[in-house]
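A short write-up of the structure that comes next.
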Amino acid sequence: MLDIKRLRENPELIREGIARKNEKADIEAVLDVDKRRRDIIADVEQKKNTRNVVSQEIAQLKKAKEDADGKIAEMKVVSDSIKQLDEELRDLDATLREALLSLPNMCHESVPVGKSDADNVEIRSWSPEHVIGLTEEPEVPVLDHLELGKKHALLDFDRGAKLSGSGFPLYTGDGATLERALINFMIDVHRKEHGYREVFPPFIVNADSMYGTGQLPKMSEDMYHCTEDDLYLIPTAEVPITNMYRDEILDAEQVPSYFCGYSACFRREAGSYGKQTKGFLRVHQFNKVELVKFVKAESSYDELEALVANVEKILQLLEIPYRVRLLCTGDTSFSSAKTYDLEVWSPAEKAWLEASSCSNFEDFQARRANIRWRPQGPKSKPEFVHTLNGSGLATSRLMVALLENYQTPEGKIIVPEVLQPYTGFAMIG
RNA sequence: GGAGAGGUGGGUGAGUGGCUGAAACCAACGGUUUGCUAAACCGUCAUACUGGGAUAACUGGUAUCGAGGGUUCGAAUCCCUCCCUCUCCGCCA
């Protein structure tokens, strides 16, 4: 959520920022509501003041056993008027809030202006010495992750579909073990080496939490909703972890705070049928280790770089080729001010697959979720924190890259060295 | 699912219609005292919105005692609805 004051003082900048994000919004309407709201506030507060003062007088008169009927009658009229104005104000408040909630975050000045994926900028890439299809041509045809999964009975998409529907992967045997190993490995690195505190969050949350991080109201189509209890399955652990501190004021020593946590992630992916739906490339349920930071405003961009580096470290340890791209304004998500995507190499697809997205939301989420901190000393005013998060990482795309990059010419799969302590085996097949 | 209890400021906790934005205590912060620590004493100690002021210092007003609605000139206090927490019983990994 944007600060209404910012909008009041600089509507042009906001208008421009919205356009750059390929979004639409009627700024004039918002400003108009804001103006009417403030007019009514001035009016109703003055009336309330009168009521408070006169009510005191009535109390005095009654105490002195004098007649107060005239004033009481007078105040009855004022009270009715207040009631009416309060009602109008409630409506305007709701309208204004709704309008503000629908405005996207502004991109940081360092974000390249652009329309789509094509305008994203590659920042750097990394790969081990030999990469199938990238630095060396394969001697034998490469198998894709589905073929590899089938060959070694690691994945069973057919039975997953029987259980739940398409897009619900079933891991079996060494595949299940490998998945669990990946999760544990990633959490351990972030926890032990990168200073994140581990949390294991609920996977189902209420609507307030979804509003807090910005999934609602815009993305409601994309989430699984338990109507009976009005609860939502989380699309990412970002939601519960960021909302831990909703409506709280953090102490100075709690900022910055870093958290990492595993969760299953649920996405309906409504309207995306036919798009890259093969195997793991687009699923309704996947596993992800999420990183979340609560930081000071002045350091949030340094924190973003550090966050990206933390995610990169995982890929380097796993020796999986990747590249880092800075998203352009048009491709940056609704709530984000600046986003880097990390993409891993798929030899079978001959394509880079998005495996992580690291964003600085500045105070956009904090304002929605009302997460503040008290800078120092008891007299200081609370300020909104800046929130960041990044996938560190999602296992589905990572598993694709891992299986495909680690396949041998014989069709076996080598387990990356760092995962072997977690799997207990070094080779599949 | 059944029965009961309860939700007040950072915490404990008083408060059943007007003098309560809210006692008291604890914590925290500033200070005095002190060789240091401790103790004692004094003071400060919510947030949001809105107006004045320079988008300062400061200052006026309004709101907030789980949420929403109602009664009343006036509600933390009375009434209704909802939410949440806790305890006991049942069921259960």
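In what follows, chains carry the letters A, B, and so on, assigned in the order in which the sequence lines appear, proteins first and then strands, with residues in each chain numbered from 1.
Between rG61(B) and rG53(B), the distance separating the two C1' atoms is 15 Å to the nearest Å. With both ends at atom P, the span from rC86(B) to rC92(B) equals 22 Å, rounded to whole Å. When the P atom is compared between rU62(B) and rG6(B), the two are found 34 Å apart, to the nearest whole Å. Going from the C1' atom of rA46(B) to that of rG10(B) covers 9 Å, rounded to whole Å.
Within 3.5 Å, a donor on the side chain of E45(A) pairs with an acceptor on the base of rG61(B), or the reverse.
Between rU62(B), rU50(B), rG18(B), one nucleotide has an atom nearer to the side chain of I41(A) than all others, and that is rU50(B). With distances taken from any side-chain atom of K62(A) to the nucleotides rA48(B), rG18(B), rU50(B), the minimum falls on rG18(B). Of all nucleotides listed (rA48(B), rC49(B), rG18(B)), rA48(B) comes nearest to the side chain of P382(A).
One can place CZ of R38(A) at 21 Å from P of rG61(B), the figure rounded to the nearest angstrom. Residue N370(A) contributes atom CG, which lies 18 Å from atom P of rA46(B) at whole-angstrom precision. In this structure, Q56(A) places its CD atom 11 Å from P of rU62(B), rounding to the nearest Å. Rounded to whole Å, atom P of rA46(B) lies 9 Å from atom NZ of K381(A). Taking atom CD1 on I72(A) and atom P on rG18(B), their separation rounds to 15 Å, with Å as the unit.
rC29(B) is paired with rG43(B) under the criterion used here, namely a Watson-Crick or G-U wobble arrangement in which both key atom distances are under 3.5 Å.
Counting heavy-atom neighbours within 6.0 Å of E221(A) CD, excluding the residue itself, gives a total of 12 or less. More than 12 non-hydrogen atoms from other residues, nucleotides or ligands lie less than 6.0 angstrom from CD of E248(A). More than 12 heavy atoms of other residues, nucleotides or ligands lie within 6.0 Å of CZ in R15(A), so this atom counts as buried by the packing criterion.
The phosphate of rC49(B) has neither OP1 nor OP2 within less than 4.0 Å of any side-chain N or O from R37(A). Of the side-chain N and O atoms in R8(A), one or more sit less than 4.0 angstrom from OP1 or OP2 of rU50(B). OP1 and OP2 of rG10(B) both lie 4.0 Å or more from every side-chain N or O belonging to R374(A). N52(A) has a side-chain polar atom (N or O) that falls below the 4.0 Å cut-off from OP1 or OP2 of rU62(B). Neither OP1 nor OP2 of rC73(B) sits under 4.0 Å from any side-chain N or O of K71(A). Contact annotation: N49(A) side-chain N/O to rG61(B) OP1/OP2 distance is not under 4.0 Å.
L96(A) has its side chain within reach of R37(A): a pair of non-hydrogen atoms, C-beta onward, lies under 4.5 Å apart.
Annotation: of the two residues near RNA chain B, A42(A) and K76(A), the 5′-most nearest-nucleotide partner is A42(A).
H284(A) and F168(A) have tilted rings, their planes meeting at an angle from 30° to 60° on a 0 to 90° scale. The aromatic rings of H225(A) and Y232(A) lie parallel to each other, their planes meeting at an angle below 30°, with 60° marking the opposite boundary. The aromatic rings of F266(A) and F203(A) sit tilted relative to each other, their planes meeting at an angle between 30° and 60°.
Distance CZ/R325(A) to CD1/I123(A): 10.0 Å, rounded to 0.5 Å.
Listed by residue number, the members of residues 78-92 of chain A with any heavy atom below 4.0 angstrom from RNA chain B are S79(A), K83(A), R90(A).
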